[in-house]
Amino acid sequence: MKSRSRLLVYCCSAALIAILIAFLLLTALHASLQTALVRHFDLGIQSFIHNWTSPSLTPIMRALTLVGSTEFFVPILILAVLAILRIGIKEQGQRLVRKREVSSIFALGVGGAIALNDSFKAWFHRLRPAPAWAMAHESTYSFPSGHSLFALTLYGLIAYMILDRRAPGTKRFLVVLIAAAITLGIGISRIYLGVHWPTDVLAGYLTAALWLTAVISIDRRWRTHWQRSLRRP
């Protein structure tokens, strides 16, 4: 009973610390948005990416932003969980235990990302950019970028679960490369289409990185707890 209580305390502490750090960092970033340096950064990166605009690249950017949308996000999440459960992650023969953990970790990771995105957007209520060349329009607030936050959380979790199977080095590198490319591409697509400032995307990545670190830490602590419980007579 004590070990379960300690596990619960650890999980809650890890989650709360990640949320607090993310809030403090985003608060500091948000407070600096109107400074000349950050304003120059936003406009400079936005202009640089907009200069890439071409008839051949625009469909790719629209496809990338679709990959980060909820219409694509939810089916990918379901398929990823089903695939990982199908493959299974065996630890000392306790495959079902890890299956329950995998489901819980994805639920925690994605559910937390959604809650963080909605809460931070409502708190900071930054208006979206409105360039004359914008190729898409959104009605919600801008800071942080939900697409960037969701992409890093989901594809980061998928990569983590795959890497956890101790695949060969080349496969591990390929998994990380694909996850990073998709996540980066989604963030760039939001700037390219004119619906986010670069600092929105940066804030989304920052929030996701902190939350993902907490979720992975919780997963590893859960694993240690179950391994110890299995060794007990």
Give the minimum heavy-atom separation between [X] and [Y], together with the two atoms involved.
| X | Y | answer |
| --- | --- | --- |
| A136 | V195 | O-CG1, 3.3 Å |
| G156 | L212 | CA-CD2, 3.9 Å |
| A159 | A179 | CB-CB, 4.0 Å |
| A151 | I186 | CB-CD1, 3.6 Å |
| L64 | G185 | CD1-O, 3.7 Å |
| G194 | P131 | O-CD, 3.7 Å |

Heavy-atom count around W123 CH2 within 6.0 Å, excluding the residue itself: above 12?
no
Tell me if a side-chain donor or acceptor on [X] pairs with a main-chain N or O of [Y] at a distance below 3.5 Å.
| X | Y | value |
| --- | --- | --- |
| W211 | G109 | yes |
| S145 | S148 | yes |
| S47 | G44 | no |

With R128, which residues qualify under salt bridge (Lys or Arg N to Asp or Glu O under 4.0 Å), at least two apart?
none
ILVMFWY network linking [X] to [Y], side-chain heavy atoms under 4.5 angstrom:
| X | Y | value |
| --- | --- | --- |
| I188 | I60 | yes |
| I19 | L25 | yes |
| F48 | L202 | no |
| I216 | Y205 | no |
| L57 | L184 | yes |

Quick one: is the NZ or CZ of R190 closer than 6.0 Å to the six-membered ring centre of W197, and within 45° of its axis?
no
Check whether NZ of the Lys or CZ of the Arg R221 lies under 6.0 Å from the centre of the six-membered ring of Y10 and within 45 degrees of that ring's axis.
yes
Evaluate the side-chain contact (heavy atoms from CB on, under 4.5 Å) criterion for residues F23 and T27: first the C-alpha distance (whole Å), next the side-chain angles of each, then the deciding distance (0.1 Å), finally the verdict.
CA-CA 6 Å; F23 176 73; T27 298; 3.7 Å; yes
How far apart are the C-alpha atoms of Y192 and T65, what are their side-chain angles, what is the distance that settles it, and do they pass the side chain to side chain donor-acceptor pair (under 3.5 Å) test?
CA-CA 10 Å; Y192 181 97; T65 210; over 6 Å; no
Could you tell me the separation between the [atom1] atom of [X] and the [atom2] atom of [Y], rounded to the nearest 0.5 Å?
| X | Y | atom1 | atom2 | result |
| --- | --- | --- | --- | --- |
| M135 | T53 | CE | OG1 | 4.0 Å |
| N51 | Q46 | CG | CD | 10.5 Å |
| L116 | K121 | CG | NZ | 11.5 Å |
| L24 | L29 | CG | CG | 12.5 Å |
| I17 | C12 | CD1 | SG | 11.0 Å |
| I49 | I191 | CD1 | CD1 | 4.0 Å |

So, for F143 and H30, is the gap between ring centers shorter than 6.0 Å?
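Yes, the ring of F143 comes within the 6.0 Å limit of the ring of H30, centre to centre.
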Testing L152, T153, I158, L157 for side-chain contact (heavy atoms from CB on, under 4.5 Å) with Y155, which one passes?
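That would be I158; it is the only one of L152, T153, I158, L157 passing the side-chain contact (heavy atoms from CB on, under 4.5 Å) with Y155.
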For the pair R126 and D200, find out whether any cationic side-chain nitrogen is under 4.0 Å from an anionic carboxylate oxygen.
yes
